[in-house]
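One structure is given below, encoded as structure tokens.
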There are 2 protein chains.
Amino acid sequence: MKELTTRQHEILGYIQLHFQSESFWPSIREIQSHFGFASTNAVMGHLRALERKGYISRVAGQARAYRVTFDHQEQAPDGATEVVEIPIYGSIAAGYPDGVETGGAIGSLQIDVDTAGIRRSRRAFALKVRGESMIDAGIFEGDIVIVEPGLPKSGDIVAALIDNETTLKRFIQQGSGAPFLKAENAAYPSLHPVSELVIQGVVKAVVRSL
Amino acid sequence: MKELTTRQHEILGYIQLHFQSESFWPSIREIQSHFGFASTNAVMGHLRALERKGYISRVAGQARAYRVTFDHQEQAPDGATEVVEIPIYGSIAAGYPDGVETGGAIGSLQIDVDTAGIRRSRRAFALKVRGESMIDAGIFEGDIVIVEPGLPKSGDIVAALIDNETTLKRFIQQGSGAPFLKAENAAYPSLHPVSELVIQGVVKAVVRSL
DNA sequence: CTTCATAATGCACACTTGTTTAATGTTCAT
DNA sequence: ATGAACATTAAACAAGTGTGCATTATGAAG
């Protein structure tokens, strides 16, 4: 594939951008005005060059009738990042999620381990958030949190089993004192739990579909 | 969504098919001759109907300048959700979110299309969020938003190009009035942009690594 | 030094294409 | 039967749009 000059590169970039945002191609005069040319022929020359070099293909005489044949924006070569499938639970009834029987799962998602911030070795799971106790931490009802089993550090958001129900709270441990759980919502009280505190895991990522 | 008549359905099918195979839209006369109409006005009526019912959106007076807003047919045939790789940009400088300079990507993430709420056909990209203008919508600095190029509906969060910088705002259009952009942070003003508003895409998902 | 590709101006032409107005006939629910 | 939405014909207009020719200038290659 022949190289493009700077100007040709800009033109190709613009028409692809225009196509992406408008879903139809720019006319020659639209390209002209975008680049501030005084003549449509400046554009013509570049389009001819792009076609000659094989980047686009045009239909002669017809309006906005062309296509980008060579996709200029190459894909990032597949990195070493690994994609894992994570089951989504609506709630986790009694203690730890069963990783084996996925009967309770209400769905699943796939995401690469780097983005989710998890290790493949641990069995991560996901929860669909109910309630608004973490709203001040930017976690809303309907969001999906990815939880990795493990011990929390102070400040982590954890999935904790309280009254037989999984709840999201911020885990706080000051000095060597007893840890407590803080709801990130001014309307909710903090919990100073007794010994019966079961931490199911640490929230590693939040995914929200809009 | 209002129902389509048989004829309207055929027309919509044809223009989508034409777009798929040619990557640009058919002109009115091309539609006309494909269906054997004796008058361009037969097509005009159907296009008006399709636009009125919200299936397409047209640019008045311009050639082949429209788009299909509601994707009528086309459904993923495979039950297995598909994982796509999405490039992450730190910012989009001069209006080229594509890989014109692939160096712009600061990473990539992989996620299944269902969770991200995107279509594989569109070229989605991701942005690392800077600033706090969307804090009230639960989008914080450092979050990653997945953006799909396309036209926004009122209430959508969009990536918009303002002063040569990509910014997240909520897109509001009341009735048929001019749209404006609203920051989801009480400390930030709303923007009533002039015509030079470039919407780079609609935010479909938010991913936060903790 | 000449030649060639790139880059751009200026202008006019002609085809492409969207749009309008006027009319006719159909189907369908009220 | 009556209005409303649908379907289509017909002719003409105006704007959108691609294209050609003439011309100038620059930098790299031969």
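The chains referred to below are lettered A, B, ... by the order of the sequence lines, with proteins before strands, and numbering in each begins at 1.
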Using a heavy-atom cut-off of under 4.0 Å over every strand shown, decide if G61(A) touches base, sugar-phosphate, or nothing. sugar-phosphate

Between the base of dA8(C) and the side chain of S39(A), is there any donor-acceptor pair under 3.5 Å? no

Give a yes/no on whether any side-chain N or O of Q8(A) is located under 4.0 angstrom from OP1 or OP2 of dA7(C). yes

Is any side-chain heavy atom of L50(A) closer than 4.5 Å to a side-chain heavy atom of L4(A)? yes

Protein-to-nucleotide contact annotation, 5' to 3' order, nucleotides 21-29 of chain D [B base; S sugar-phosphate only; - none; under 4.0 Å, heavy atom]: BB-------

So what does A49(B) hit on the nucleic acid, given a heavy-atom distance under 4.0 Å: a base, only sugar-phosphate, or nothing? nothing

Side-chain N,O (H46(A)) to OP1/OP2 (dA7(C)) below 4.0 Å: yes

Does dT17(D) have OP1 or OP2 under 4.0 Å away from a side-chain N or O of R64(B)? no

Describe the nucleic acid contact of A63(B) in one word from base, sugar-phosphate, nothing, applying a heavy-atom distance below 4.0 Å. sugar-phosphate

Below 4.0 angstrom, which residues in residues 24-38 of chain B have at least one non-hydrogen atom near DNA chain C? S27(B), I28(B), R29(B)

Does T5(A) put a side-chain nitrogen or oxygen below 4.0 Å from OP1 or OP2 of dA7(C)? yes

Write down the distance between OH (Y66(A)) and P (dT19(D)), rounded to a whole number of angstrom. 11 Å

Sugar-phosphate, base or nothing in reach of A60(B), heavy atoms under 4.0 Å: sugar-phosphate

Could you tell me whether the side chain of T40(A) has a donor or acceptor atom within less than 3.5 Å of a complementary atom in the base of dT17(D)? no

Atom pair distance, as rounded to whole Å: CZ in R48(A) and P in dA8(C): 15 Å

If the cut-off is 4.0 Å, is R7(B) near the phosphate of dA5(D), judged by side-chain N/O to OP1 or OP2? no

